[in-house]
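Only one structure is covered here, and it is reproduced in the block below.
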Amino acid sequence: MGKIFKNMLPYWKMMIVVLLLLVVQAWCDLSLPAYTSNIIDVGIMNNGVGHIVPDAVTADDYEMAKLFMTDEERAKWEACFLREHNIYTRKDLSRQELEELDEELLLPILLNYQVMSYMEEADSLSEFMQKGGEAVGGQLSDLRGQMEATLDTMGSSLVKSMGVAFAVRCDKAAGLDMEKIQTGYLWREGLKMVGMALLMGVAAVLVGLFGSRIGAGIGRDLRKKTFERVVSFSNAEMDRFSTASLITRSTNDIQQIQMVSTMLIRMIAYAPILGLGGIVRVVQTGAGMGWIIILALLVILGYVLILMSVTMPKFKLMQKLVDRVNLVSREILTGLSVIRAFGREEKEEERFDAANRDLTKTMLFTNRVMTFMMPGMMLIMNLLTISIVWVGAKHIDAGSMQVGSMTAFLTYSMMIVMAFLMLTMLSIMLPRAAVAAERIDEVIRTVPSIADREQPEAVTSHCGRIQFSHVSFRYPNAESDVLTDIDFVAEPGKTTAIIGSTGCGKTTLVNLIPRLYDVTAGSVTLDGRDIRNISMEELREEIGYVPQKGILFSGTIESNLRFGRENATAEQIKEAASIAQATDFIEEKAEQYESAVAQGGTNVSGGQRQRLAIARAIVKDPRIFIFDDSFSALDLKTDAALRGALSKKVKDKTVIIVAQRISTILHADQILVLHEGRIVGKGTHRQLLAECGIYQEIVKSQLSAKELGMEESEV
């Protein structure tokens, strides 16, 4: 979780805006049940009258109300009204003032309401006084004491309703249109609800907008960081993670984090606000049923913890199984031609099915377990609803709660449970996202084993002289060296060839020059400077590298040839293509240099792909050319023509050629013979033919005795 939240820190300003919008949304959401309660309790049950002080009162009722009041209460009562003829009209009082009067005048008004039954047959206050009002008035103190005792046993809801009933009776007696008052109240509350709903909708849309932007930004940033880190990896890190795993981490894992981040903002951040607000509103209702919600929440948390404890290990396993499926898929698709050639389709299908079944079983298990989430939650919510209605009905019967209050309590309870439900819903995705975040963080935190010095040396000389000084190299976690005590110099204007049996370390040796790996002993220098002290950008700017397997990128032929030198002119591109013997097949195409190249160069042959890779290096025009067995895909005629044209272009360059064919390196200025990671021969073809037994064996395996005699006589 911490790693997911860490990704949100760059967007803290937008997060603050989102939190403010969520507060507005929660406030609106929490206000709606209160309006619903008011519509039921005030608008419907009390005819739209919400306070015990009436809007208007007749002179008789005005005087009657004062009968049970103390001097202080009479003063407050009289201060509420203005007299117009025989009617007293309530002043324009604020809501707070009315609520204060509801508390201060409740007792005398209830006393007044209790004795109103005595006035049903009386025509006026004076007649009432004659029939017994004087006796009642003489016992005011006793009546107030008895009423206070009675109020303690009555529910607050019933007490308030009785006070409002007095106000309704007074308003009717004063000639007010109660139907109009009720309709007006319902319209006002309804419009407020519509306004709240609209404001809540706007806030929700804005939260969705900002949440999506933050989620997309997090995904973009993670892809950028991951890609930049992977690009800086040496071959050692690539071997550690594997290409299939890095692809999964850069796509599926980041998508999981992006999706969960958006939901965290839209749901998880909203849930605590809504839940806490709901708890505050529940307390304000004074219903005394909070224990039901606490019990429901404890059951929900326990239920979720049980499900999570079962599924969490499977979620961690799932990402590894996704890596496995991607690895098998990539291997099969890459080697499809080989699979078909060896008739291994069924075996490879079985291998893929095995990986696919393992992933499917794990996903089905987690999905089946998590399917219990919603039914269980709905069961808990329905039981909660039944419990609230059951207990609330008893409170209503006892007069301590009104119907609208119970409705509001029920709604707030559902909101609180829904808030926790939103938290638990993410438990389906959160474990996978947490695992994905850990996997992405592992890539980002990995420090490349090959990196620039803090203050690299500047390249001032551009001769291209490469020197290996007693170099040894061992792959990470390997038990023995691949290369041992390699010592030679590759001079500018000369060609250094490397030959040897398969697996002797030829490719590894040339990979040390552009620092695809770093030496484990000794040093490699460029123009007298250790290449580890030179920035990799400057080092690789000096090198034109043609790998063993020609790799092209999707685009056009021209874009591939400009890969190492974007500002190359059309003449330079055509010249490089001509040297690489690629002009013929390029100009045969309808669009020539603008012809499309598929990913990996799969729409051209192996020889054409190799020639384009060579032309790409020539266009760059570096000081050092490295050809790692780059001529093996060419026929002998094309090979000879290419080397002949290339020799004129690289007269002052350092050329290093790894080759299998003797004919390719026959005229090299220096030939290195590798055997089991060691240089066992060094010299020209003639020298090695006379002195190096391993070289003689290689030559004899490729040339006949007659050809050897011709070669020797020519030498």
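In this text, all values refer to a predicted model and were calculated from it rather than measured experimentally.
Taking a 6.0 Å sphere around NZ of K494, one finds it holds 12 or fewer heavy atoms contributed by other residues, nucleotides or ligands. In the displayed structure, R529 atom CZ is contacted under 6.0 Å by more than 12 heavy atoms of other residues, nucleotides or ligands. A 6.0 Å sphere centred on CD of Q255 holds no more than 12 heavy atoms belonging to other residues, nucleotides or ligands. Surrounding CZ of R678 are at most 12 heavy atoms belonging to other residues, nucleotides or ligands under 6.0 Å away. Taking a 6.0 Å sphere around CZ of F553, one finds it holds more than 12 heavy atoms contributed by other residues, nucleotides or ligands. Summarising the local packing, OH of Y593 is surrounded by more than 12 heavy atoms from other residues, nucleotides or ligands at distances under 6.0 Å.
Between I440 atom CD1 and R249 atom CZ the span is 7.5 Å, to the nearest 0.5 Å. Within the model, atoms CZ of R351 and CZ of R324 stand 6.0 Å from one another, a figure rounded to the nearest 0.5 Å.
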For a side chain to side chain contact (heavy atoms under 4.5 Å, CB included) check, start with the C-alpha distance between L642 and I614, then their side-chain angles and the critical distance, and finish with the verdict. CA-CA 10 Å; L642 194 156; I614 293 170; 3.9 Å; yes
Stepwise side chain to side chain contact (heavy atoms under 4.5 Å, CB included) check, E558 with E594: CA-CA 6 Å; E558 183 178 353; E594 294 299 325; 2.5 Å; yes
Give the intermediate values and the outcome of side chain to side chain contact (heavy atoms under 4.5 Å, CB included) for residues F627 and L646. CA-CA 12 Å; F627 299 99; L646 183 63; 3.6 Å; yes
Take D621 and K653 through the salt bridge (Lys or Arg N to Asp or Glu O under 4.0 Å) test and state the conclusion after the steps. CA-CA 9 Å; D621 194 26; K653 313 287 186 182; 3.2 Å; yes
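A salt bridge links D652 with R623; the closest basic N to acidic carboxylate O contact falls under 4.0 Å. A salt bridge does not link D527 to R465: none of the charged side-chain nitrogens sits closer than 4.0 Å to a carboxylate oxygen. Between E566 and K620 there is no salt bridge, since no side-chain N of the basic residue sits under 4.0 Å from a carboxylate O of the acidic one.
Using the six-membered ring where Trp is involved, F488 and F468 have ring planes that are parallel, under 30° apart on the 30 and 60° scheme.
Side-chain rings of Y517 and Y475 approach one another, their centers coming within less than 6.0 Å.
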